[in-house]
Amino acid sequence: EEINKDITDSINYAKQIQDSILPSDARLTGGLGEVFVYFKPRDVVSGDFYWYHETEDKVFVAAADCTGHGVPGAFVSMVCQSVLNKVVIEDEVHDPGQILSKAHQGVVSTFKKESTKRQANDGMDIALTVWDKPANKIRFAGAMNPMLLIREEEIHAYKADRRGIGGVAQKDYDFQTAEVDIQSGDMIYLFSDGYQDQFGGPKGKKFKYNQFRDLLKSIANQPMLRQRQLLDQTITQWQGEIEQVDDICVMGVRFSQTQASPALNLEK
């Protein structure tokens with residue numbers, strides 16, 4: 001009992017540390033306006049994380065899924081967040097494809113082992129957007145995880161490169177950047193694979209990507225808080241008595257005409 005209490009206390013304190021590193025709701029709302037995050041770790045601490053950074057004319061947003069979950073996943077997520085901060089904040093790399101390429105190099109270097117007995121396969125899948133405010137554009141790059149844009153009830157998928165960040169892959173790889181002009185009312189979603197991989201329903205099957213896309217399309221016109229509630233209600237009902245199989249992270253951002261104005265100076 002004493003050992004269990006010590007371990008539980010340690011993990012709960014680790015959660016406080018992890019929560020303190022994630023961007024606050026106030027910070028996200030101050031920089032993005034209409035935004036929600038549905039974040040549901042499988043265990044107390046998470047291998048998924050969401051990431052935010054802002055400069056005078058750009059806003060960086062990402063949803064990432066690191067190798068593993070629980071305590072090991074949380075350790076990997078700390079490393080990956082640190083690498084992202086170095087690339088974007090210290091090195092001032094602002095193109096999303098280049099950010100992922102540099103992050104891949106950084107994660108591979110961090111987990112590189114001198115011993116040939118084991119090759120570290122630790123890393124992350126990530127969807128990263130950069131909002132260029134003066135140009136009214138979103139630039140996107142993804143490692144395994146796509147970006148979905150819903151405009152006038154039509155859904156547009158921006159595919160990710162079919163490889164993750166880190167792992168045993170070659171150190172140099174050029175991730176591709178996609179660019180899209182913002183229109184008022186556009187809704188974008190970034191997410192890990194935890195939601196669509198959850199087992200449940202009448203036959204105990206996965207929720208699956210296409211059903212997840214249809215769900216997002218059906219709720220895209222709802223207010224941010226309502227969207228988050230509907231995501232939670234849907235997956236909770238789908239899951240039933242089945243255990244959660246992975247961490248879940250879904251981010252949604254809506255752009256309005258005023259918000260997308262180049263003259264707007266967002267408060268940090």
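Within a 6.0 Å radius of NZ in K159, no more than 12 heavy atoms belonging to other residues, nucleotides or ligands are found. For K102, the NZ atom sits in a loose shell: 12 or fewer heavy atoms of surrounding residues, nucleotides or ligands are nearer than 6.0 Å. Within 6.0 Å of the CD atom in Q237, the count of heavy atoms belonging to other residues, nucleotides or ligands does not exceed 12. In F75, the CZ atom is not crowded: 12 or fewer heavy atoms of neighbouring residues, nucleotides or ligands sit closer than 6.0 Å.
Hydrophobic clustering (side-chain heavy atoms under 4.5 Å, transitive across Ile, Leu, Val, Met, Phe, Trp, Tyr) groups I126 together with F39.
The line from CD of Q211 to OH of Y195 is 8.5 Å long, rounded to the nearest 0.5 Å. In this structure, CG on D161 lies 9.5 Å from CG on D174, to the nearest 0.5 angstrom. Atom CZ of R254 is separated from atom OG of S184 by 10.0 Å, given to the nearest 0.5 angstrom. Atom CH2 of W51 is separated from atom CG of L22 by 13.0 Å, given to the nearest 0.5 angstrom. Rounded to the nearest 0.5 angstrom, Y209 OH and D214 CG are separated by 10.0 Å. Residue L128 holds its CG atom at 8.0 Å from CZ of F60, rounded to the nearest 0.5 Å.
Between D65 and S192 the shortest heavy-atom distance is CB-CB, 3.7 Å. Of all the heavy atoms in S77 and G47, the pair that sits closest is CB-O, 3.8 Å. Nearest heavy atoms, C66 versus D48: N-OD1, 4.3 Å. Of all the heavy atoms in Y50 and M251, the pair that sits closest is CB-SD, 3.5 Å. Taking both residues in full, the closest heavy atoms of G97 and A141 are given as N-CB, 3.5 Å, listed atom of the first, atom of the second, then distance. Residues T129 and F140 approach most closely at CG2-CD1, 4.0 Å, considering heavy atoms.
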Apply the test salt bridge (Lys or Arg N to Asp or Glu O under 4.0 Å) to residues D57 and K133: give CA-CA distance (whole Å), side-chain angles for both, the deciding distance (0.1 Å), then the verdict.
CA-CA 6 Å; D57 60 354; K133 293 185 285 183; over 6 Å; no

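Under 4.0 Å is where a charged nitrogen must lie from a carboxylate oxygen, and between D246 and R42 no such pair does. Taking the charged nitrogens against the carboxylate oxygens, D132 and R139 do have a contact shorter than 4.0 Å, which makes a salt bridge. The residues R228 and D232 are annotated as not salt-bridged, no charged nitrogen and carboxylate oxygen being separated by less than 4.0 angstrom.
Tested against W238 for a ring pair (Phe, Tyr, Trp, His ring centres under 6.0 Å), the candidates F207, F199, F212 yield a single pass: F207.
Both the sub-6.0 Å distance and the 45° axial angle are satisfied by R163 relative to the ring of Y173.
You'll find the side chain of V180 reaches within 4.5 Å of the side chain of R151, heavy atoms only. Residues L231 and K40 form no side-chain contact, since every pair of their non-hydrogen atoms from C-beta on lies 4.5 Å or further apart.
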